[in-house]
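A quick write-up on the structure given underneath.
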Amino acid sequence: MDESKDDDVRAWDQNPSSIQPVRQNVQSKSQQLRTYTGTHHKRGPHQHQLRNNRSLDNRIINHKHNYGLPQEDYLSNDIKGSSDLVNQKIEGIGLAADGSDDNNHELPLPEFEGTGGGLGIFKVPVRAPLHPARPSYLELRPHPLKETQVGKFLRTIACTETQLWAGQESGVRVWNFSDQYEPGMGAGGRARRGDEDAAPFYESADMSPTLCLMVDSGNELIWSGHKDGKIRSWRMDQPSSNDSPFKEGLSWQAHRGPVLSMVISSYGDIWSGFEGGIIKIWPREAVNKSLSLSPEETHMAALLMERSFVDLRSQVTVNGVCNISSSDVKCLLSDHVRGKIWAAGSLSFSLWDARSRELLKVYNIDGQIENGVDMSSMPDQAVEDERNVKLVSKSKKEKSQGSNFFQRSRNAIMGAAGAVRRVATKGAGAFAEDVRKIEALVLASDGMIWSGCSNGLLVQWDGNGNRLQDFHHHPCAVLCLCAHGSRIWVGYVSGMVQVLDLEGNLLAGWVAHNRPVIKMAVGDDYVFSLANHGGIRGWALATPGPIDNILLSERAEKKYLYTRQDNFRILVGTWNVGEGKASQEALATWLGSAILDVGIVVIGLQEVEMGAGFLAMSAAKETVGLEGTSSGQWWQDAIGKTLDEGSTFERVGSRQLAGLLIAIWVRKTLRAHVGDLDVAAVACGLGRAIGNKGGVGLRLRVLDRIMCFVNCHFAAHLEAVNRRNADFDHIYRTMAFTRSSNLLDNAAGMLRYLFLTCSLVFSTYLLWLLYSSGLPWILSLAAGVSSAAQMLRGTDAAAISPDEGKPDLAEADMVIFCGDLNYRLFGISYDEARDFVSQRCFEWLREKDQLRAEMKAGKVFQGMREAIIKFPPTYKFEKGKPGLGGYDSGEKKRIPAWCDRVLYRDSRAAPSMECSLGCPVVASVLQYDACMEVNESDHKPNCVVYLK
């Protein structure tokens, strides 16, 4: 901070009204954080024609919204009287729609800003009104919040000449292209939450998840394959009824497992692929006869189909030797011109004659011919694993008599290491090949077949299965392919879409979605892309072309037609509860008056529960993906009661790591625009493994802007400044908001499982070393077990962004840190500090604040801001003693300190920046106080309020 800022702070101490706010154009009428967002609201009539120009993620009309209580409540100044709370009320900065300022009823507080914010990972993420490389697109279905899609996630799409069909977890839905520019049905329409802004669509009755779709133009049907093993048909001319879901036509039980893929051959037969390499054919004659039966004969039609199939795998298995792979048939492709069918497993292809149904060729991803697989000689892995488990158990049982703890530990380590070595030896080749597994197939207009692999490789084949050439334009996995005319479209797990010509040359590429692109389909002059979050966008078939630049400049001139300022408050509270439980009166004193006009409440607690036994149990639970305690649940319920949870607020989520707990509540009037919650935790205790110190975080999407909240507990003691700085750096760099996944759902999961096993072996050895060195065994166990979890989480984080290495927190539009940061006052005695506090000489105390000094030196919280502190130090108090006389008077006489803090970083790269599409989140502090009346802990609680 420069000297002019220091002068402002000193003047504020003497006369707050004499100092102008740090930033101008403050919209303090609503006391809110203003952002340019992309919230999905019901559009007015003047917006309907804009659907096909939604190249902005920030599309909104030019008016302001206040979320929370009615406007008259925002004008209330009751909150000014709550001087007992440590509150940071964040005020939005920006111009109103007409360019004028709102009435200034409350000025923002001056702030202290840490240096070093514009460098490296602490640099504010770049935002732009328009994506520089993304062409115009039609947004058929905006990105819905994932909480709204439970049981309704879209898995695949297919297009006819007039419709787009989507398979979802509960059936199918259909959009008519004639309705693609129509407004959404809005929050009050028949669409459920998450689909308010989607173009009008129609749904089927609920049923098993749909895994694949196929268009049958000859019969004017859509065929769908489902997880329950059924194949269903749907008429293209479904009645457009808003009141009732449409029903299926012909359906039958095709297999006992899920239907993974389907295709219609040039002879009208339906080919379907299943798990285990099974391929079944449903002859055209049986299909036509079943379709000709009346609705009353549905059961007979189903029986006819179930008895008519041809099992190709059984036909090519002779004397236990099968000529095709046993991997799942995830892709089927029909070459109508040559009369051939391509079937793709994970690492190999099989080529079939569509007429005679004979196997022509089996070859791997390198184009090499494969020999038959002897099925009878392949050991049953489950039986072998069971046998190994029994042998290990027996060995343990025999050796347990008379063996000491260390001998048993050695045996366990050697046994686990041997198991890992054997599995790794058997599967090393498979794991190496797994990065090249086949993900997609497509037939180009020149007759060439293209395949996409999980390592980003694109391979071109001729019609006879000969490998011609390969291309590598992007390092991420290919998930889908689509071809039309002279172009090939590629969708990647990174959200990238690329356009290639028939020779494999890259014509264009852009980030189509912020999540993986899982399916593409051509219809109505568009290539529609489906992201795994459920959003559907249409890209003009002419892209890339001259029209893109024309539309880009036109949209840039009219960008504010798509913009709206949204306003609301966020309260962030922090309290080190010292393993205690507060009364309802204390919680009401802390939060009661502060929550009257906020839309979001985030509470961070420290030392909810402590003790060596608890820390060990917490570390063990973290290892297997479990978290949370009864004490943490008690605190959430108690705070929820104070917030009137259920009537006024809704609890969205929480995360607990040992004694650290963070939870979030959202006012129901704002709930529809808040979601996509992810959680994270980073341990900073012993060996970066124990959760007595560390951080827990929440990341969520608020009005289409990403916000992160982090609750921290840093290293204690006056002299541990560098450790505290290191704790922040470790949390900021390594906190990864990743979702849990099944360890054994695929080969990549098996790799993680093997890594975890090795980590546990290492952890057991670490336990032995720690215990041998004299550390209590229960903490040794915690360190050993938790280290495995930390190592595994580290690999997950690296897998998400292997090349970027930029922390998740650095990519957020706004980051808020709160907690017991444990920074103390230095160069001052206990008596001097007490005297300054009694005289309220906070200016002098601030000069002795370790956090202020470290931020000024650019060593911690680089580029983050905190309101100037105007309340007494919040640590350390004797429990039960009210007022300032409660400071520690025991033998240690700990010097009072501002241990409990709240800091934030918004979208501004410079303090003078105003709210805009390039700087979407701008904030300032309206109030920052401490609740000195609460005495249930040796710390006083703090709060922060933000609006967005």
Start with the C-alpha gap between Val362 and Ser325, add the side-chain angles, then the distance that decides, and say whether side-chain contact (heavy atoms from CB on, under 4.5 Å) holds. CA-CA 8 Å; Val362 179; Ser325 170; over 6 Å; no
List in chain and number order the residues that pass side-chain hydrogen bond (donor to acceptor under 3.5 Å, both in side chains) with Asp216, two or more places apart in sequence or in another chain; answer none if no residue qualifies. Asn219, Trp223
Is there a side-chain contact between Asp228 and Met207 in this structure, where contact means two heavy atoms from C-beta onward sitting under 4.5 Å apart? no
So, the side chain of Asn364 versus the backbone of Ser348: is there a donor-acceptor pair under 3.5 Å, distance only? no
Using modelled atom types only, decide if a donor and an acceptor are shared between the side chain of Asp179 and the backbone of Glu182 within a distance under 3.5 Å. no
I'd like to know if the side chain of Asn532 pairs up with that of Lys519 as donor and acceptor (distance under 3.5 Å, no hydrogens or angles considered). no
Euclidean distance, Arg537 CZ relative to Arg141 CZ, rounded to 0.5 Å: 13.0 Å
Which is it for Tyr137 and Trp510 under the ring pair (Phe, Tyr, Trp, His ring centres under 6.0 Å) test, yes or no, and what are the steps along the way? CA-CA 12 Å; Tyr137 60 87; Trp510 61 88; 9.8 Å; no
Side chains of Lys280 and His255, donor plus acceptor under 3.5 Å: yes
May I ask you to test the His513-Val497 pair for a side-chain heavy-atom distance under 4.5 Å? no
Are Leu347 and Ile438 packed together at the side-chain level, in the sense that at least one heavy-atom pair is separated by less than 4.5 angstrom? no
Once you round to the nearest 0.5 Å, how far does CG of Asp501 lie from CD1 of Ile488? 8.0 Å
Going by atom types only, do Lys437 and Asn455 share a side-chain donor-acceptor pair under 3.5 Å? no
So, does Asp524 use its side chain to make a donor-acceptor pair with the main chain of Tyr526 at under 3.5 Å? no
So Leu481 and Val478, do their side chains get closer than 4.5 Å, heavy atoms only? yes
Donor-acceptor pair, distance only, cut-off 3.5 Å: does the side chain of Arg467 make one with the backbone of Ile365? yes
Could you check whether any side-chain heavy atom of Trp352 comes within less than 4.5 Å of a side-chain heavy atom of Trp271, counting everything from C-beta outward? yes
Taking the side chain as every heavy atom from C-beta outward, state whether Leu211 and His226 have any pair of such atoms under 4.5 Å apart. no
Let me see the working for Arg436 and Asp366 under salt bridge (charged side-chain N to carboxylate O under 4.0 Å, His left out), right down to the final yes or no. CA-CA 10 Å; Arg436 298 193 299 163; Asp366 294 320; 2.8 Å; yes
Do Gln469 and Gln460 have a side chain donor and acceptor closer than 3.5 Å? yes
Centroid separation Phe528 to Trp539 less than 6.0 Å: no
Taking the side chain as everything from C-beta on, heavy atoms only, tell me whether Trp165 gets closer than 4.5 Å to Thr156. no
When you compare the side chains of Gln168 and Arg173, does any donor N or O come within less than 3.5 Å of an acceptor on the partner? yes
With under 30° as parallel and over 60° as perpendicular, where do the rings of Trp461 and Phe349 fit, or are they tilted in between? perpendicular
Indicate whether any N or O donor in one side chain lies under 3.5 Å from an N or O acceptor in the other, for Ser308 and Trp282. no
When rounded to the nearest 0.5 angstrom, what is the spacing between CG in Leu457 and NE2 in His474? 13.5 Å
Between Trp450 and Phe471, is the ring centroid distance below 6.0 Å? yes
Please report the interatomic distance OH(Tyr492) to SG(Cys476), rounded to the nearest 0.5 Å. 9.0 Å
Do Ile222 and Thr160 have side-chain heavy atoms sitting under 4.5 Å apart? yes
